[in-house]
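As a basis for the values below, the full set of heavy atoms in this structure was taken, side chains included, without hydrogen atoms, waters or symmetry mates. Chain naming here is simple, since letters A, B, ... match the order of the sequence lines and numbering starts at 1 in each. Note that this is a predicted model, so its numbers are computed, not measured.
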Amino acid sequence: MKKVNKEILKEAANKMLFDMSEEQYATLLKEFDVILKQMDLISQIEGVDDVEPMTFPYPVYTTYLREDVVKETLTQEEALKNAKDVSHGMIKLPKVVK
Amino acid sequence: MSYLDQSIFEIHQAIINGLVTPLELVQEALKLAKEDNNNAFEYICEKEAIEQVKNLDLSKKDNLLWGIPYALKDNLSTKDIPTCASSKILEGYVPVYSAEVYQRLQEQGAILIGKTTLDELSMGGSGTTGHLGKTYNPWDPKHKHQIGGSSCGSAAVCSAGIVPFALGSDTGDSVRKPASYSCLVGLKPTWGRISRYGLFPFAPSMDHIGFFTRNCMDSALILSVLAGHDEKDSTSSTVPVDNYLDIEKTDISKMRIAVIDEIFDSVQDKTIKDAFIKTLNILSDLGLEINHVHMDDKLCRAIYPTYFVISCAEANSNNANQDGIKFGTRYEAEDYEKVMFEARTNGFSEPIKRRFVLGSYALLKENQEDLFLRAQKCRRLIVNCINEILKDNDAIYLPTSPTIAPLFDGNKDKLSNEYLIADNYLAFANMGGQPSINIPIGFKDGLPFGGCFTGRIFEEKTILSLALFLEKHMDFANKIAKKENE
């Protein structure tokens with residue numbers, strides 16, 4: 001397991017596309033002392049690695065298909081309604097190719 | 001006298017008998033909402049509610065929810081009504097479609113009067129992390145105690161008598177715990193029983209929609225309206241829906257109830273333990289079999305970290321769409337990645353970022369096996385254990401929380417059994433999807449606390465029947481905070 005330090009936490013945050021202040025990283029690093037002790041409780045469970053990971057509360061089988069009928073979908077106007085910068089029916093972003 | 005203080009059934013009867021009109025009810029609810037001093041509302045739907053009530057379909061008057069005001073947690077999409085999940089990053093967002101639960105309630109003629117506050121993006125259990133700040137507990141006029149979270153606003157408006165019911169969501173305990181802290185019935189049905197279409201996801205493998213009422217029959221009523229398959233949510237179940245409205249007829253006398261000793265023993269508060277034992281005695285006096293069962297102590301202590309790792313990791317994926325581009329607050333920068341980076345850096349609060357960092361850390365290639373996958377494996381062991389107990393018992397019954405509502409500035413030892421087990425065990429029903437309900441069972445220092453029944457999947461009727469039986473033997477139904485405080 002990767003050892004925790006400020007750089008690792010910053011890497012984890014930046015991978016999620018955000019940053020934190022130096023003080024916030026310092027606070028989080030202290031919190032990780034407790035968090036890692038809590039995580040270690042999972043490792044102490046006998047036989048924990050002998051079972052398959054569980055991803056849903058119980059097996060879910062979606063066996064139906066929707067009828068092939070035309071339904072209402074969002075209009076272009078609705079799809080763009082919440083974007084702050086729209087031009088010619090598209091969301092405008094800074095130039096990618098300069 | 002306020003009709004809003006009464007049960008839904010009583011309010012309905014008052015409407016049918018012409019004693020009050022839906023317009024009068026809605027106007028009163030809106031007035032109370034504007035006077036709310038618990039910071040419980042994100043948005044008060046005054047214009048929308050008045051318009052809806054004036055256009056109510058008279059032919060639907062016999063529907064029990066016709067003309068009844070209610071509130072929704074602000075992580076449920078409401079077309080053309082602002083919805084921001086109490087997060088700065090979503091300020092100004094107006095959904096272009098509606099959650100299935102909202103549509104079902106609208107079809108019944110229920111009137112939405114407001115969207116309620118939550119811990120930001122449903123991640124939290126204190127009711128303090130939303131962008132509007134702390135939400136207060138109506139049972140504590142001095143505003144020193146929390147109401148819990150994340151469905152803090154919905155619990156506050158229901159217990160304050162503004163509306164007779166309010167919807168929330170529950171990923172770890174976010175309906176049941178605030179219900180315990182505010183003298184409410186809080187039900188989280190089976191995972192898949194209610195469509196989650198239009199719910200802002202936090203950790204979808206554990207997210208449930210739930211609701212607050214002031215008595216068990218009202219809870220059964222709301223479930224009967226919301227339960228059922230919805231093709232828009234592929235995880236919503238096709239298992240037939242029971243008739244929840246006849247729970248009074250259920251014979252519970254032969255039922256078997258399990259008390260998990262390791263969880264009960266981690267509760268330290270004598271008042272809560274005594275009140276809980278008193279309710280056990282009520283059940284055993286009727287003839288129910290009370291079985292003291294065991295769960296490995298280490299497994300009990302692993303419930304919270306298992307929940308925390310899985311939920312934080314899932315939350316990362318589910319909030320990847322918060323980019324400040326398609327919706328939400330936009331920040332200008334020189335390229336599109338920096339636009340997203342600025343939006344997320346400025347839009348998420350510190351507590352949310354901490355959870356994201358933990359989730360990201362658990363998902364790092366080097367850590368996945370040791371943290372994320374191991375948590376998912378531990379989840380299986382926990383769920384297997386609970387299901388094994390439920391094979392021989394109709395329900396598990398325990399104190400909902402080890403304390404009354406905590407102080408805002410209180411500290412907890414996060415490695416103690418009280419914290420790891422008694423304060424966080426409720427998440428086992430999110431991992432396994434079992435239905436789970438809080439009912440009020442006592443008061444200490446003027447603040448309420450509850451007991452929690454958890455049943456087998458899709459057996460909501462069992463836990464509702466048990467809760468209703470206890471409710472009838474106690475005096476905690478339909479209590480309104482403001483009245484008790486006067």
Side-chain angles (χ1 to χ4, degrees), chain A residues 1-2 4 8-21 24-25 27-28 31-32 34-35 37-58 60 62-64 66-67 74-75 77-85 91 93-96 98, chain B residues 92-94 96-97 191-192 205-206 231 234-235 238 296 298-299 301-302 304-306 308-309 316 325-328 330 333-337 339-341 344-345 348 350 353-354 356-358 360-361 364 366-367 370-371 373-381 383 414-415 420 431-433 457:
Chain A
M1 200 160 72
K2 233 175 184 180
V4 183
I8 296 294
L9 295 183
K10 196 172 171 62
E11 179 194 337
N14 290 170
K15 278 190 179 197
M16 295 298 140
L17 285 184
F18 63 79
D19 208 350
M20 295 165 68
S21 68
Q24 288 173 344
Y25 280 120
T27 308
L28 183 56
E31 278 188 13
F32 253 76
V34 176
I35 290 170
K37 280 177 190 158
Q38 289 176 343
M39 299 306 132
D40 192 46
L41 296 171
I42 299 174
S43 308
Q44 292 171 20
I45 306 295
E46 202 176 318
V48 71
D49 287 326
D50 300 337
V51 295
E52 288 296 308
M54 186 178 209
T55 49
F56 290 101
Y58 52 83
V60 179
T62 303
T63 53
Y64 65 90
R66 281 175 295 164
E67 293 300 317
L74 292 185
T75 62
E77 190 190 349
E78 285 172 329
L80 297 173
K81 187 179 169 185
N82 281 286
K84 298 293 182 290
D85 199 351
I91 297 172
L93 281 167
K95 241 181 186 176
V96 177
K98 294 182 182 172
Chain B
Y93 171 65
V94 181
V96 291
Y97 66 97
W191 189 85
S205 82
M206 297 188 286
E231 70 170 24
S234 63
T235 62
T238 53
D296 180 73
K298 283 183 180 169
L299 202 54
R301 284 169 65 81
Y304 175 67
T306 300
F308 201 57
V309 171
N316 268 332
I325 293 174
K326 300 180 289 298
F327 45 77
R330 170 96 174 238
E334 64 245 45
D335 62 51
Y336 76 95
E337 268 200 30
V339 169
M340 288 192 260
F341 200 90
R344 292 167 70 84
T345 298
F348 295 132
E350 188 186 353
K353 287 179 183 171
R354 288 204 295 258
F356 285 151
V357 170
L358 174 71
S360 176
Y361 178 77
L364 287 175
E366 302 87 332
N367 299 343
D370 290 338
L371 293 178
L373 288 174
R374 191 166 281 156
Q376 287 187 317
K377 290 172 184 174
C378 193
R379 175 182 186 173
R380 185 173 295 281
L381 293 178
V383 173
K414 293 188 173 177
L415 293 170
L420 286 168
M431 296 183 208
I457 58 169

For the residue pair F18(A) and F356(B), does the interplanar ring angle fall in the parallel (under 30°), tilted (30 to 60°) or perpendicular (over 60°) class?
tilted
Does the plane of the ring in F32(A) sit parallel, tilted or perpendicular to the ring in Y361(B)? Use 30° and 60° as the thresholds.
perpendicular
Against chain A, label [X] side chain, backbone, both or neither, depending on which of its atoms sit under 4.5 Å from a heavy atom there.
X       : value
V94(B)  : both
V383(B) : side chain
M340(B) : both
L371(B) : side chain
L420(B) : side chain

All side-chain hydrogen bond (donor to acceptor under 3.5 Å, both in side chains) counterparts of S205(B), not counting sequence neighbours
E314(B), R379(B)
Quick check for you: among [options], which has the greatest number of heavy-atom pairs under 4.5 Å with chain A?
options                            : result
Y336(B), F308(B), F341(B)          : F341(B)
Y304(B), Y93(B), W191(B), F327(B)  : W191(B)
R344(B), M431(B), R380(B)          : R380(B)
M206(B), E231(B), R374(B), E334(B) : R374(B)

For [X] and [Y], which heavy atoms make the closest approach, and how far apart are they?
X       : Y       : answer
P53(A)  : L373(B) : CG-CD2, 4.1 Å
S360(B) : A12(A)  : OG-O, 2.8 Å
N82(A)  : G92(B)  : OD1-O, 3.9 Å
V96(B)  : E78(A)  : CG1-O, 3.4 Å
G432(B) : Y58(A)  : O-CD2, 4.4 Å

Within this structure, what is the [atom1]-[atom2] distance for the pair [X] and [Y], rounded to the nearest 0.5 Å?
X       : Y       : atom1 : atom2 : value
D40(A)  : R301(B) : CG    : CZ    : 10.5 Å
E46(A)  : K298(B) : CD    : NZ    : 7.5 Å
D370(B) : M39(A)  : CG    : CE    : 12.5 Å
L299(B) : L41(A)  : CG    : CG    : 11.0 Å
I45(A)  : K377(B) : CD1   : NZ    : 13.5 Å
K353(B) : M16(A)  : NZ    : CE    : 14.0 Å

Let me know if [X] has heavy atoms under 4.5 Å from chain B in its side chain, its backbone, both or neither.
X      : answer
E31(A) : side chain
V60(A) : side chain
L93(A) : both

Choice from [options] maximising heavy atom contacts with chain B below 4.5 Å:
options                        : answer
V34(A), D49(A), L9(A)          : D49(A)
L80(A), V96(A), N14(A)         : N14(A)
D85(A), T55(A), I35(A), T75(A) : T55(A)
M54(A), E11(A), K81(A)         : M54(A)

Side chain to side chain, L364(B) and K15(A), heavy atoms closer than 4.5 Å
yes
Just wondering, are more than 12 heavy atoms of other shown residues or ligands nearer than 6.0 Å to NZ in K414(B)?
no
